[in-house]
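All chains are named by letter (A, B, ...) in the order of the sequence lines, taking the proteins before the strands, and each is independently numbered beginning at 1.
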Amino acid sequence: MTERKLKVPLSGRRWSAIESPVGVRRAAMAVVLVYLVLTLAPIGWIVLTSFKSESDAIAYPPKTLFEPSLVGYVNLFTSRTRLTNKQVKELPPPDTWYEKVVREENMVISGESPFLGRFVNSLIIAIVSTIVSVSLGVVAAYAFVRLPVVGKDDQLFFILSTRFMPPVAVALPIFLMYRQVGLSDSYLGMILLYTAFNVSFAVWLLKGFFADIPKEYEEAAMVDGYTRLQAFFRLVLPNAKAGIAATTVFCLIFAWNEYTYSLLLTSRHAQTATPYIPNIVGYGGLDWSAVAAGTTIFLIPVMVFTILLRKYLVRGVTFGAVRG
Amino acid sequence: MRRIITGTTCLLLTLMCLGSASAQEKSITVGWAAWDPANALMELSKDFTKKTGIQVHGEFIPWPQFQQKVFTVLNSHGDTFDVLIGDSQWIGSGAEYGHYVELSQFFKNNGIDLKKDFAAGPVHYYAQWPKGSDHYWGLPTEGDAVGWTYRKDWFAKPELKKAFKQKYGYELAPPKTWKQLKDIGEFFQGRTIDGKKVYGMAIYTKRPGDGISQGVLSAMWSWGVSMHAPDDPYDLQGYFNSDEAVDALKFYKSLYDCCVPPGSGDNYMEADLDAYTSGQVAMAMNFFAFFPGISRNPNVGDVTGYFVTPGHDGHHGTQLGGQGMSVVSYSNKKKWAKEYVKWFSQPEVQKKWWELGGYSTRKSVLNDPGFDDSEPYAKAFKESMKIVKDFWETPNYGELLDTAQRHFNQYIVGGQGTAKEALDAIVRDWHDSFEALGKYDN
Amino acid sequence: MSNATESSAARQGLRHEERPATARRRHRWALSDRALSWLFIGPTISLLLLINIFPLFWTIYLSFTNYRANIPIRPIRWVGLRNYTRIFESNEIWHYLQITAHFVVWSVLLETILGFALALLLNRKFRGHGLLSTLLVLPMLLSPALVGLFWKYIFDPQVGVFNYIVNYLLNAGSFSMLSNPHLAPWAVVAVDVWMWTPFIMLLCLAGLQSVPDALYEAAEIDRASRWQKFWAVTFPHVLPLLSIAVLFRAMESFKVFGLVMQLTGGGPGGATELMSVAVKRAAFVTWKTGWGAALAIVMFVIVFGASAVFVRYLNRVSQR
């Protein structure tokens with residue numbers, strides 16, 4: 001077997017110097033592709049299901065070919081009343097496309113469902129808590145990396161260790177605490193909580209990014225008369241943009257997907273979409289096409305983030321231990 | 001970057017303002033389980049809005065999470081619900097722990113006489129606490145009990161009638177005793193009807209919540225079992241673990257072993273509904289609340305008959321379901337909530353409630369001459385309401401229920417231990433629970 | 001002097017206007033580094049103390065009482081270690097621990113094997129590498145609760161596509177992954193593996209790509225076989241990152257809640273009642289707050305112990 005010279009890598013990565021024959025490579029790719037299909041198929045199935053009618057969604061054998069319908073999405077956003085055939089026929093003709101969709105299932109729209117409100121809650125709580133936690137994380141991480149800190153290792157450990165508390169265990173006293181101070185089921189309560197559980201991750205990740213920036217920049221600037229604070233804002237932050245972006249993405253995703261706290265600590269006012277979607281009930285049991293629709297819609301922001309910020313994905317996922 | 005932050009902050013503040021603005025409107029929020037009767041109630045409530053101008057919002061939670069969600073809200077003193085249509089079991093905690101507003105005086109002031117106008121069983125179970133007193137904490141809203149549906153069309157098939165008569169010696173008809181129920185179940189189990197394999201029955205077996213107990217209890221009451229001594233609600237030994245109770249439990253298990261579709265170990269209301277409406281079973285146990293929906297079901301609506309839970313050995317009982325509506329003490333719209341309760345109690349509203357698919361328990365509706373024929377399940381419902389019994393409604397009912405659930409499920413579905421052992425363990429746990437509450441301190 | 005200032009500022013790409021006018025006003029307004037460090041770290045620490053530490057101590061206190069959160073009017077009674085002794089004497093805790101351990105061990109094991117294998121396969125140059133990685137990573141970016149929910153749909157015995165495919169391939173007849181107490185734990189493991197294998201894969205891939213080629217070339221010169229190359233060169237380099245991944249997944253999967261709640265709710269007859277589900281039931285369903293607090297503390301101690309190891313190890317690796 002001839003020794004291959006190292007080829008110029010794509011996107012700066014180094015490839016295995018153990019080059020194998022084409023056949024083995026092709027087989028490996030085939031395996032990976034099979035795995036890719038297996039991994040993405042369930043997600044694809046759910047997206048597919050969101051376009052099925054209620055009865056198609058629970059049809060057996062499961063249908064891969066079916067008449068697409070938007071009833072799942074309509075059901076997701078509305079609340080409806082079920083009428084008898086006779087009552088439906090007596091109604092005036094539907095005036096909107098979604099009323100028409102719903103009439104076919106013998107229902108009339110009686111109002112909007114809480115879904116939109118919950119989705120907005122998700123947006124508000126996730127975005128605000130991410131902004132706060134990343135901000136706190138940025139300054140704290142910088143301090144750990146550059147400034148003299150009393151008991152640095154201990155403080156760091158303390159911050160990191162809070163990430164490892166089981167959410168269910170934390171929810172119990174928080175429930176009692178919030179009850180006392182009136183923060184149950186409130187935006188402020190949830191934002192505080194989400195910020196707290198994200199900030200440790202943010203500190204950890206950002207520490208790695210800040211450590212990458214050479215100290216010399218700031219030191220030169222300070223020699224030139226900048227204060228530490230000015231050097232921080234004008235030099236360090238812009239250079240850490242990539243790292244901050246990565247951290248923001250991940251904090252946002254964690255906050256967006258959070259379930260435990262929202263389930264146990266919120267209700268009508270501040271509940272997010274994650275505990276709401278599994279509770280969309282249709283006729284006897286879950287309305288699977290609406291649930292699938294909700295899941296799909298909920299997925300979209302995450303997918304958008306993933307695509308926009310895929311460069312930072314590896315870095316974020318691996319806690320900065322790996323330069324992506 | 002700065003622009004993005006500013007823009008996002010403005011957007012978020014706007015959204016938050018919108019959110020709080022909606023709280024100012026004239027409205028109340030009614031909490032219930034997410035099922036058809038709730039939708040019917042929303043339809044009915046349009047009348048309330050027309051009369052008073054108060055909007056009615058529904059906060060409906062699926063049954064599996066209903067109890068837990070409601071108690072999380074109540075225990076956090078949340079104002080999510082102004083009116084709560086709570087399960088009969090919750091009345092003890094609602095009254096004693098200050099979650100519900102006592103309505104006795106309100107009823108008196110507004111001419112609502114529960115004892116006179118509403119059926120006795122519902123008043124006792126949905127409204128009264130302590131039991132037998134004059135203190136009322138709710139208004140009976142949805143009368144309900146465990147009943148049965150069956151495939152009239154299958155029962156009417158001549159060849160099946162003949163085969164059944166031959167095998168068992170009596171006519172194939174809705175069973176009057178549990179033994180007959182089992183016979184019919186076995187008869188249909190595995191039979192092929194219209195080219196499809198079918199099974200005998202669908203029963204309750206679910207472990208979380210209160211699934212399997214509701215089924216077992218409907219048998220227990222028909223065996224004449226009681227949970228405690230007649231004069232002392234905390235004297236337990238020898239009642240729920242009596243020989244009759246053991247017999248009833250064994251019998252229920254035998255139904256699970258012989259006559260249900262495979263994979264029925266986690267069944268409750270929706271699963272039984274699915275099994276029945278998809279044509280899988282000949283008979284299904286379910287709460288009456290589902291029967292209006294079943295009768296309107298395109299698949300099975302026209303071929304469904306309904307019967308009361310069978311009796312046994314001269315006893316006849318069935319498990320109570322149903323809910324009463326209460327005013328939540330943490331609400332800041334109690335006045336409007338009470339208006340709603342008052343409106344709901346009126347005879348015309350109760351009549352319309354029945355027509356829309358809800359189960360009124362007002363005497364004027366039940367005793368109306370046209371009632372029995374108004375719906376195919378009406379008669380069975382009325383009969384059931386006369387023989388209903390309920391599980392514990394004490395504040396600690398949750399623990400009492402949880403241990404029953406656990407042991408019933410382990411014995412019936414898991415096949416572990418004996419019936420006697422299961423019941424002994426349950427009574428022991430009940431005793432411990434009451435002891436922790438200080439009920440045995442003299 | 002000003003020349004030096006100009007050039008150093010220019011080096012950092014500062015525009016002319018941005019150069020400090022305060023240069024001449026020497027640090028009168030500047031905060032000292034130490035003060036700044038308090039300012040920067042203080043809010044974070046305070047928030048964490050408030051949201052994490054104070055409640056932790058409250059939980060510890062509660063675990064020694066018989067408090068029930070649904071009966072606030074009843075006086076709290078100190079019961080000492082009774083909750084803990086009850087936990088360890090009852091069979092339940094061992095049941096929960098065993099179920100949790102089964103889940104953690106199997107899911108991490110399978111994820112590791114699969115993830116590592118995938119990383120080995122992917123460690124090649126080809127087009128679309130970036131796109132592929134992004135796609136493969138998707139499962140772990142979803143909300144675990146929603147993942148549990150839609151896998152419940154897929155595993156549903158009546159309408160799920162999983163049963164259909166299995167029957168198509170194996171004709172296994174009617175079975176239910178989720179209501180069978182023997183299969184349900186495996187279903188939970190399977191879903192977790194589905195979600196998190198990409199994580200292990202990414203870390204292993206990064207580790208594989210960090211191996212200096214010089215080592216491979218040296219091994220080649222020594223006429224090492226592929227197998228020997230793997231053990232002597234590849235594996236030691238991947239091991240640190242792999243260990244991080246494994247430790248992290250182990251800790252996270254110990255805490256898993258949303259996924260199990262939606263997929264099985266604790267399983268048929270408690271077959272998938274992991275620790276977190278048990279704590280939730282104790283604290284929020286039966287409202288035995290004191291007891292739930294004790295369970296939570298036990299859980300916390302276990303996770304904390306493991307995390308201490310993890311953090312130390314991670315620090316060591318990051319500083320390489």
Side-chain angles (χ1 to χ4, degrees), chain A residues 3 6 10 13-17 25 28 31-32 36 39 42 45-46 58 60-62 136 139-140 143 147-149 157 160-162 164-166 168-169 172-174 177 192-193 196 199 217 220 224-228 253 257 259-260 264 274 278 288 295 302 306 310 313-314 317-318 321-322, chain C residues 5 8-9 12 20 23 30 33-34 36-37 40-41 43-44 47-48 51-52 55 58-59 121-125 134 136-137 139 141 143 145-146 149-150 153-154 158-159 161 164 202-203 206 209 213 216 220 244 251 255 257-258 262 276 279-280 283-284 292 296 299-300 303 307 311 317-318:
Chain A
E3 190 189 290
L6 183 63
L10 269 176
R13 291 193 175 180
R14 278 179 312 186
W15 302 100
S16 167
R25 244 192 298 157
V31 171
V32 171
L36 184 68
T39 286
W45 186 248
I46 291 300
I58 53 173
Y60 194 82
L136 284 181
V139 295
L147 302 176
V149 178
F157 180 73
L160 266 33
S161 66
T162 60
F164 302 124
M165 298 185 64
V168 182
L172 174 53
I174 297 277
M177 194 165 91
L192 273 178
L193 194 54
V199 77
Y217 283 2
D224 283 351
Y226 279 99
T227 65
R228 172 72 78 177
I253 291 182
N257 286 340
Y259 171 75
T260 311
L264 298 171
T274 21
W288 284 110
T295 310
V302 172
T306 311
R310 63 182 175 283
L313 220 55
V314 175
V317 158
T318 58
V322 175
Chain C
T5 315
S8 71
Q12 276 127 44
D33 274 2
R34 200 161 277 267
L36 207 57
S37 79
F40 275 7
I41 301 187
T44 302
L47 179 67
L48 290 176
I51 298 283
N52 275 316
W58 193 356
T59 307
L121 289 174
L122 267 180
N123 189 24
R124 288 169 167 76
K125 172 178 55 121
T134 312
L136 283 177
V137 142
L141 298 177
S143 175
L146 295 183
L149 178 66
F150 69 68
Y153 173 66
I154 292 177
Q158 261 106 36
V159 307
V161 69
Y164 178 68
L202 271 180
L203 278 169
Q209 287 170 354
D213 295 311
Y216 283 123
E220 190 75 17
I244 291 176
M251 279 179 342
K255 298 188 289 172
F257 178 69
Q262 284 304 323
S276 47
V279 170
K280 181 247 189 188
F284 289 97
M299 200 180 166
F300 171 70
V303 179
S307 76
V311 169
V317 169
S318 308

Student: To the nearest 0.5 angstrom, please state how far the OG1 atom of C:Thr44 sits from the CG atom of A:Leu136.
Tutor: 4.5 Å

Student: Less than 4.5 Å to any heavy atom of chain C: does that hold for the side chain of A:Ile46, its backbone, both, or neither?
Tutor: side chain

Student: Identify the heavy atoms of C:Leu136 and A:Thr39 that sit nearest to each other, and give their distance.
Tutor: O-CG2, 4.2 Å

Student: Most heavy-atom pairs under 4.5 angstrom with chain C, which of A:Thr260, A:Thr295, A:Leu193?
Tutor: A:Thr260

Student: At what distance, to the nearest 0.5 angstrom, does OG1 of A:Thr162 lie from CG of C:Leu48?
Tutor: 4.5 Å

Student: Of the non-hydrogen atoms in C:Leu149 and A:Pro278, which two are nearest, and what is the gap between them?
Tutor: CD2-CA, 3.6 Å

Student: Partners of C:Tyr164 by side-chain contact (heavy atoms from CB on, under 4.5 Å), sequence neighbours excluded?
Tutor: A:Tyr60, A:Pro61, A:Pro62

Student: Drop me the distance from C:Leu47's CG to A:Leu192's CG, to the nearest 0.5 angstrom.
Tutor: 6.0 Å

Student: Please give me the minimum heavy-atom distance between C:Pro55 and A:Met177, naming the atom from each residue.
Tutor: CG-SD, 4.2 Å

Student: Evaluate C:Tyr153 against A:Trp45 for side-chain contact (heavy atoms from CB on, under 4.5 Å), listing each step before the verdict.
Tutor: CA-CA 10 Å; C:Tyr153 173 66; A:Trp45 186 248; 3.6 Å; yes

Student: For C:Val279, check side-chain contact (heavy atoms from CB on, under 4.5 Å) against everything at least two apart and list the hits.
Tutor: A:Val168, C:Leu295, C:Ala296, C:Met299

Student: What's the separation between atom CZ in C:Phe284 and atom CG in A:Leu264, rounded to the nearest 0.5 Å?
Tutor: 4.5 Å

Student: Under a 4.5 Å heavy-atom cut-off, does chain A meet the side chain of C:Ile154, its backbone, both or neither?
Tutor: side chain

Student: Under 3.5 Å, side chain of C:Ser37 to main-chain N/O of A:Ala143, donor-acceptor pair present?
Tutor: no

Student: If I compare all heavy atoms of C:Gln262 with all of A:Tyr259, which pair ends up nearest, and what's the gap?
Tutor: NE2-OH, 2.9 Å

Student: Any chance you could measure C:Thr59, atom OG1, to A:Leu172, atom CG, to the nearest 0.5 Å?
Tutor: 5.5 Å

Student: Closest heavy-atom contact between A:Thr274 and C:Ser143?
Tutor: CG2-OG, 3.2 Å

Student: State, to 0.1 Å, how close C:Arg34 and A:Pro148 come at their nearest heavy-atom pair, and which atoms those are.
Tutor: NH2-CB, 3.9 Å

